[in-house]
Amino acid sequence: MKNRVWLNEAIRKIEADYNRSADTHLIRVELPHHPGITLYLKDESSHPTGSLKHRLARSLFLYALCNEWIGPDTCVIESSSGSTAVSEAYFARMLGLRFIAVVPAATAQPKLDAIRFQGGEIHMVDDPRTIYATSSQLAAQTGGHYLDQFTFAERATDWRGNNNIAESIYAQMADEEAPVPAWVVCGAGTGGTSATIGRFIRYQRYDTRLCVADPVHSVFHRHFDDPAITALAEGCGSRIEGIGRPRVEPSFVPSVIDRMIAVEDADSIGAMHALTAKLGRRVGGSTGTNLWACMQIADEMAKADQTGSIVTLLCDGGDRYSSSYYDEAWLAECGGQWAGAAVRAGAFLTDG
Ligand SMILES: *Cc1c(COP(=O)(O)O)cnc(C)c1O
């Protein structure tokens, strides 16, 4: 037996942290122009590290620990554009492990600050496509372990339950007028969240469909339409952090997705600003992408005289985007025609 004493203690620390935590809220949003249709936001910003990646990081660490891939002296490495690394740094510190995040040089400064705040180190690469190879190299050099969110996200989470995000959503919906949502809408970065929700829906035999909202400049929705397309030669040109990828990640499971909606970045950003105004607090860009797809689905349901619930994810808050989506100069330069989209999304959310 290897160091079972250390392993037991490491798992106990993660479980104890979980045991001290509350579940994330499910926020109900009335849609004044869509009678009989209600929108719900699963608020993943309320995790200790501020995003849905908190769940993923916990699962990846437990998976690696139970596989004995991580020991007391293991340097832990991840390829991450930010949020995953923030959450993983939190768990690495909890276990007293060194953590290095391999990030593209273009990553927003507040995200780098958040990784360092949680005790993580940063390794920058100029070409975003090299983050995987660089992470493997670093792991080999340090004798460390590459967590590899893009490979392991779909299998590290218990899809049948164990309070995964899907089980939590359905439990929190129990006393609503329409407890089984007609649609669940989420994005895909690793693809792990959509894999977990899609499998859970089928396992529980729920009459819910899963829609993945994807940036136009991402490969996922193209692959969904044509499986022969597996990468974008030009890279992913999307400005929506956390979702949309230039290559089809191993954790993306298209077979459990019923539909994909491609969303322009400007529409995501406009919807994000409208939701921020509605809730009175800042949300992140991928939440705007989700909302834009929900608007389309709500309109289609209304046209078909359908009523029911639509559940989507508030993936993270807006604090980490103060120098991008919430910066006037950035918006003017990179935001595109976001203002018109904000007006449309605002009209969807309010009775004005
Ligand atoms: C990772 C991420 C997503 C997508 O979740 P996956 O489970 O990785 O597909 C959406 N929004 C934000 C902000 C993210 O960080």
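Side chains included, hydrogens not; waters and symmetry mates left out as well; all remaining heavy atoms used. What you see is a predicted model, and the numbers here were worked out from it, not measured in a lab. One-based numbering, in listed order, for ligands and for the atoms of each.
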- Query: When you look for heavy atoms under 4.0 Å from ligand 1, do you find them on the side chain of L52, its backbone, both, or neither?
  - Reply: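 Just the side chain.
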May I ask you to check whether [X] has an N/O atom sitting below 3.5 Å from an N/O atom of ligand 1?
{"X": "T193", "answer": "yes"}
{"X": "S286", "answer": "yes"}
{"X": "D316", "answer": "no"}
{"X": "C315", "answer": "no"}
{"X": "K53", "answer": "yes"}

- Item | Test of ring centre spacing under 6.0 Å for W69 and F152 |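 Judged by ring-centre distance (under 6.0 Å), W69 and F152 do meet the cut-off.
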Salt bridge [X]-[Y], side-chain N to carboxylate O under 4.0 Å:
{"X": "E121", "Y": "R116", "answer": "no"}
{"X": "R320", "Y": "E241", "answer": "no"}
{"X": "R245", "Y": "D214", "answer": "no"}
{"X": "R55", "Y": "E44", "answer": "yes"}

- Relative to the heavy atoms of S83, which atoms of ligand 1 are at a distance of less than 4.0 Å?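 So the answer, numbered in order with elements, is 15 (O).
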- Task: Report, in ascending order of atom number, the atoms of ligand 1 lying under 4.0 Å from any heavy atom of T190.
- Result: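 So the answer, numbered in order with elements, is 6 (P), 7 (O), 8 (O), 9 (O).
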- Message: For atom 10 (C) of ligand 1, which of the options I243, V86, I165 provides the nearest non-hydrogen atom?
- Response: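 Considering heavy atoms of I243, V86, I165, the nearest to atom 10 (C) of ligand 1 sits in I243.
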- Item | Test: R259 cationic atom under 6.0 Å from W183 six-membered ring centre, within 45° of axis |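 Yes, a cation-pi geometry holds between R259 and W183.
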- Message: Please verify the inter-ring angle class for Y325 with W330; under 30° counts as parallel, over 60° as perpendicular, anything in between as tilted.
- Response: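 The rings of Y325 and W330 stand perpendicular, inter-plane angle above 60°.
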- Task: Anything under 30° is parallel, anything over 60° is perpendicular, the rest tilted; go ahead and classify Y326 against H273.
- Result: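 Plane angle over 60°, so perpendicular.
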- Item | Closest approach of any protein heavy atom to atom 4 (C) of ligand 1, naming residue and atom |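 Answer, as residue, atom name and distance: G189 N, 3.5 Å.
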- Item | Any A188 heavy atom less than 4.0 Å from ligand 1 |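 A188: in contact with ligand 1 (<4.0 Å).
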- Query: Does G191 reach ligand 1, in the sense of a heavy atom lying below 4.0 Å from it?
  - Reply: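 For ligand 1, residue contact (heavy atoms, under 4.0 Å) with G191 is present.
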